[in-house]
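Here's the structure we're looking at; comments come further down.
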Amino acid sequence: MKLPYLMTPGPTQVRENVRLARAKECTNPDIDLDFYEFYKETCMAIGTFLETKEDVLILSGEGILGLEAACASLTEQGDRVLVLDNGIFGEGFADFVTMYGGEAVVFKSERTREIDTNALQAFLEKDNNFKYATIVHCDTPSGVLNPLDIICPLLKKYNIITVVDSVAAMGGEPLLTDEWQVDIALGGSQKCVSAPPGLTFLSVSGDAWAAMENRQTPIASYYCNLLIWKNYYKDKWFPYTMPISDIEGLRVAIDNILEEGLESVQERHAQVANYTRQRALEAGLELYLEDGFSNTVTVIKVPEDIEGSQPILDEMLSQYGIMVTGSFGYLQDKVIRIGHMGENAYMSKVRMTIDALIEAVGSLQKL
Ligand SMILES: *Cc1c(COP(=O)(O)O)cnc(C)c1O
């Protein structure tokens, strides 16, 4: 089977050295003490990647597990939680909050723009009694990037713990976890990190640990309980058997980024993103967003004379062998998304993709 050339906003292309690392022989990660060292060193490499000195954990499960684990571990019955919503993942956090007994108070902001921080500030002046807040860094279905550097310090002024879904931004956009006072920064293996899907990782600040430790009631989950990880290294005990091959791959993927340097990787993302947006506009295509463009994904409106996104996706795959994607929820059939994150974020790959997209749209419009 010839695989399509993957240019989606996750999963992304995986470099050969990451794929090969996953083929290494396995030890028993529960009882081999060397594995605890390897796991801890990998968490510390991720800490460098996230620019944090706080604890980092790698959990066996896709990005969504991290999101749910943060909410499960922090939420108690009746807790008020502020959910910042200018996109599908933003809105989705409310479900995790209510599922664990919390009261989700949704702060809505226009979906075609980054979160309005002045409006947020005005809102917080009137109501700031929240245990924690959820924020999405890049809301991938629309590609909107939110200014964490303003939002997180603002929330912390009111002692609100910040839970940030940066699954689709970290690595492509700056994420200064400690400097911006992010309490829990959530990531996944299959976006800018460019390892296969299967792992989520997160940083946990002292304030976040304290909020979990000071609960009146136990955490209503085992797999989503972050507190059971607190002493894994001291006790040489994992809550479940670690997916060793996935972690071997993740380690090499993180090392690839650190070896290139965070700044160089981010510059590469800025370059391909600027190029993609410019090419789309020059070709007469429209971008979905008005501002807040993430450098990890470009979201282009389906032209009015084409029926939904599927004909374009089909043409891209059948004529050019390139897999891009549409979107979902309120954006279903309205947009095409090019994922230029991680290993996808090279000019040669992006140029080929936008050339093909422009040609594909042109040929469908001639019909
Ligand atoms: C990809 C992604 C996740 C992980 O979820 P999946 O849809 O299962 O891949 C979480 N948050 C954001 C913003 C993402 O882009």
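For ligands, and for the atoms within them, numbers begin at 1 and follow the listed sequence.
By the 6.0 Å and 45° rule, K234 does not stack over the aromatic ring of Y232.
In summary, the atoms of ligand 1 found under 4.0 Å from a heavy atom of D165, numbered by their order in the structure, are 10 (C), 11 (N), 12 (C), 13 (C). Under a 4.0 Å criterion applied to the non-hydrogen atoms of Q190, ligand 1 contributes the atoms 9 (O). If you number the atoms of ligand 1 from 1 as listed, the ones under 4.0 Å from a heavy atom of T140 come out as 12 (C), 13 (C), 14 (C), 15 (O). Distances below 4.0 Å separate heavy atoms of C138 from the following atoms of ligand 1: 13 (C). Under a 4.0 Å criterion applied to the non-hydrogen atoms of A168, ligand 1 contributes the atoms 15 (O). Residue contact check: E62 has heavy atoms under 4.0 Å from atoms 4 (C), 5 (O), 6 (P), 8 (O), 9 (O) of ligand 1.
By the 30° and 60° cut-offs, the orientation of the rings of F93 relative to F96 is perpendicular. Ring planes of Y36 and F238: parallel class, angle under 30° (limits at 30 and 60°).
When side chains are defined from C-beta on, V302 counts as touching I336, because their heavy atoms get closer than 4.5 Å. Side-chain atoms of Y240 and L59, non-hydrogen and from C-beta on, do get closer than 4.5 Å to each other.
For atom 7 (O) of ligand 1, the closest heavy atom belonging to the protein is F89 CZ, 3.8 Å. Atom 14 (C) of ligand 1 has K191 NZ, 2.9 Å as its closest protein atom, hydrogens excluded (heavy atom only).
Across all their heavy atoms, V164 and C152 have their closest contact at CG2-SG, 3.8 Å.
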